[in-house]
Visitor: 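One structure, as structure tokens, below. Some questions next.
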Amino acid sequence: MSDVGFPILYALGLWWFSTGVVLYLDNLPGRTFRWTLLGGSAVLAVAIFGLFVSSTSTSIAMNYLAFTCGLVIWGVLEMSYFTGYATGPRKIPCPEGCTPWRRFRLAIMTSLYHELAIMTTGLILIAISWGEPNQVGAWTFVVLWLMRWSAKLNLFLGVPNLNENWLPEHLRYLKTYMSKRGMNLLFPVSVTLPTILVVLIVLRVSAPDGDGSEVVGLTLVATLLALAILEHWLLVLPLPDEALWAWALPPREPPDARDSGRPPSDPGENEVCATLSHCATTRTKTTLPQTRQRIKRSRIGMATGA
């Protein structure tokens, strides 16, 4: 149990923390994005070099390094997407009345550049580790890659929980390409096949002839795959998953939060406030007493039906 306990905790912790970091950075003001991407580019270069180095050794330490580098590389790519720097040529909402196939084509155009970047990076990582004894870094990236495609297809076909609150303001148009529905036919396949793979990995890890280094590497990848399956289930189950990253998400104040503690003393108070605010922000020669007089007359007219 000790051989798999720490790898599971490490994968859980790194997944939770890296997801939170990406959410936090992508919800900062737009003026910070260039610095975020500049720092991310440096981290990406270091992580690719680290994956190259770790692929040459099957030691336990190199397995942890490979897994970490694969997850960091993925996080930087996701950060480039959610900051809006690597999305696609289409950056507007989906037109109303689109057929499913046209909506699918337009949805691809919203993230075309990012998908090409992921494919290119994935091929580079596979080429780097090709023929090397340690494939943990490449496996980590491929698991995230395939499960992300699965999640995006499920969001397109329709799930109950779209998690649109996770989208930064500049990407809120992506919600129009998603569908909110009870279930789609792809979802059972999306969770069943990866679950079977996790079971097979667990059986391999549990084998008495398992090597310690191999057990660590497979446990790290299996834990990440299990987390990806969990994220799929969160698309359909009514669970408050945002609470896991409350520290990384910006506070979302309800529109009426400022007035929630004080009920209006008069039914026409909101009307008065709106009128006074409008008058205060427009350049007219109307004086405040005249405004109040008009408000009073309008309220009398509304009360009498005039």
Side-chain angles (χ1 to χ4, degrees), residues 1 3-5 7-16 18-19 22 63 66-67 70-71 73-75 77-78 81 100-101 103-104 107-108 111 114-115 118-119 122-123 125-126 135-164 166 174-175 177-207 210 214-245:
M1 181 63 185
D3 293 337
V4 300
I8 291 175
L9 292 176
Y10 184 83
L12 282 170
L14 187 61
W15 164 80
W16 172 78
S18 60
T19 302
V22 171
N63 280 334
F67 177 79
L71 197 56
I73 292 169
W74 179 263
L77 290 175
E78 287 295 275
Y81 178 74
W101 280 112
R103 185 165 61 91
F104 181 72
I108 291 177
S111 59
H114 186 246
E115 298 299 338
I118 289 177
M119 292 176 63
L123 293 176
L125 299 184
I126 292 173
Q135 301 288 323
V136 172
W139 293 343
T140 299
F141 190 89
V142 170
V143 164
L144 292 167
W145 181 4
L146 296 180
M147 294 304 285
R148 179 181 181 274
W149 273 1
S150 174
K152 292 187 72 172
L153 286 173
N154 277 282
L155 286 169
F156 174 81
L157 295 173
V159 289
N161 306 322
L162 300 180
N163 293 330
E164 64 271 17
W166 289 34
L174 293 175
K175 181 185 175 182
Y177 297 90
M178 306 175 187
S179 300
K180 194 176 184 68
R181 54 183 295 188
M183 181 63 67
N184 66 78
L185 295 178
L186 177 63
F187 184 82
V189 179
S190 300
V191 295
T192 301
L193 293 181
T195 301
I196 294 174
L197 184 55
V198 169
V199 172
L200 293 176
I201 296 176
V202 170
L203 292 176
R204 175 58 185 167
V205 168
S206 303
E214 181 187 27
V215 168
V216 170
L218 290 175
T219 302
L220 290 169
V221 175
T223 303
L224 186 63
L225 182 56
L227 290 171
I229 297 171
L230 173 62
E231 289 181 332
H232 275 64
W233 280 110
L234 292 176
L235 295 176
V236 299
L237 297 177
L239 297 176
D241 54 321
E242 287 189 17
L244 291 172
W245 295 281

Visitor: Going by atom type alone, with no hydrogens or angles, which donor-acceptor pairs under 3.5 Å involve a side-chain atom of residues 151-159 and a protein atom two or more places apart or on another chain?
Guide:
unit_1	atom_1	unit_2	atom_2	d
K152	NZ	S111	OG	3.0
K152	NZ	E115	OE2	3.0
N154	OD1	N184	ND2	3.2
N154	OD1	F187	N	3.4
N154	ND2	S150	O	2.8
N154	ND2	S190	OG	3.0

Visitor: Mind checking what makes side chain to side chain contact (heavy atoms under 4.5 Å, CB included) contact with I108, not counting sequence neighbours?
Guide: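 Scan of I108 (side chain to side chain contact (heavy atoms under 4.5 Å, CB included), adjacent residues dropped) gives F104, L112.
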Visitor: Report the residues that fulfil ring pair (Phe, Tyr, Trp, His ring centres under 6.0 Å) with F67, sequence neighbours left out, ordered by chain and then residue number.
Guide: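 Here no residue qualifies.
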Visitor: Suppose we screen for side chain to side chain donor-acceptor pair (under 3.5 Å). Which residues come up paired with Y10, at least two apart in sequence or across chains?
Guide: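 Here the qualifying residues are T68.
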Visitor: Which residues satisfy the side chain to side chain donor-acceptor pair (under 3.5 Å) test with W15, sequence neighbours excluded?
Guide: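 W15 satisfies side chain to side chain donor-acceptor pair (under 3.5 Å) with E231 only.
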Visitor: For residues V22 and G75, report the shortest heavy-atom separation together with the two atoms involved.
Guide: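 In this case the closest contact between V22 and G75 is CG2-O, 3.7 Å.
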Visitor: Restricting to ring pair (Phe, Tyr, Trp, His ring centres under 6.0 Å), what partner residues turn up for H232, sequence neighbours left out?
Guide: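 In terms of ring pair (Phe, Tyr, Trp, His ring centres under 6.0 Å), with neighbours along the sequence ignored, H232 is linked to no residue.
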Visitor: Do N63 side-chain atoms and V136 backbone N/O form a donor-acceptor pair below 3.5 Å?
Guide: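 Checking the backbone N and O of V136 against the side chain of N63, no donor-acceptor pair under 3.5 Å is found.
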Visitor: Applying side chain to side chain donor-acceptor pair (under 3.5 Å), can you list everything that pairs with T192, at least two apart in sequence or on another chain?
Guide: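 Side chain to side chain donor-acceptor pair (under 3.5 Å) check on T192 returns nothing, list empty.
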Visitor: List for me each residue that meets side chain to side chain contact (heavy atoms under 4.5 Å, CB included) alongside V198, sequence neighbours excluded, and say none if there are none.
Guide: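 If we apply the side chain to side chain contact (heavy atoms under 4.5 Å, CB included) test to V198, skipping adjacent residues, the hits are V202, L225, I229.
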Visitor: Please tell me if the side chains of R148 and I118 come closer than 4.5 Å, counting only heavy atoms from C-beta onward.
Guide: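 R148 reaches I118 side chain to side chain.
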Visitor: Using the salt bridge (Lys or Arg N to Asp or Glu O under 4.0 Å) rule, collect all pairs that involve residues 177-186, keeping only residues at least two apart or in two chains.
Guide: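 As it turns out, there is no salt bridge (Lys or Arg N to Asp or Glu O under 4.0 Å) pair with a partner in residues 177-186 once direct neighbours are skipped.
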Visitor: Please report the closest heavy-atom contact between L77 and H114, naming both atoms and the distance.
Guide: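 Answer, listing the atom of L77 first, then H114: O-NE2, 2.9 Å.
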Visitor: Can you sort out the partners of I126 under side chain to side chain contact (heavy atoms under 4.5 Å, CB included), two or more places apart, ordered by chain and number?
Guide: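 Side chain to side chain contact (heavy atoms under 4.5 Å, CB included) check on I126 returns W130, V142.
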Visitor: Would you mind reporting whether L144 and L224 have side-chain heavy atoms less than 4.5 Å apart?
Guide: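 In contact.
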Visitor: Which residues pass the ring pair (Phe, Tyr, Trp, His ring centres under 6.0 Å) test with W139, sequence neighbours left out?
Guide: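 Per chain and number, W139 pairs via ring pair (Phe, Tyr, Trp, His ring centres under 6.0 Å) with no residue.
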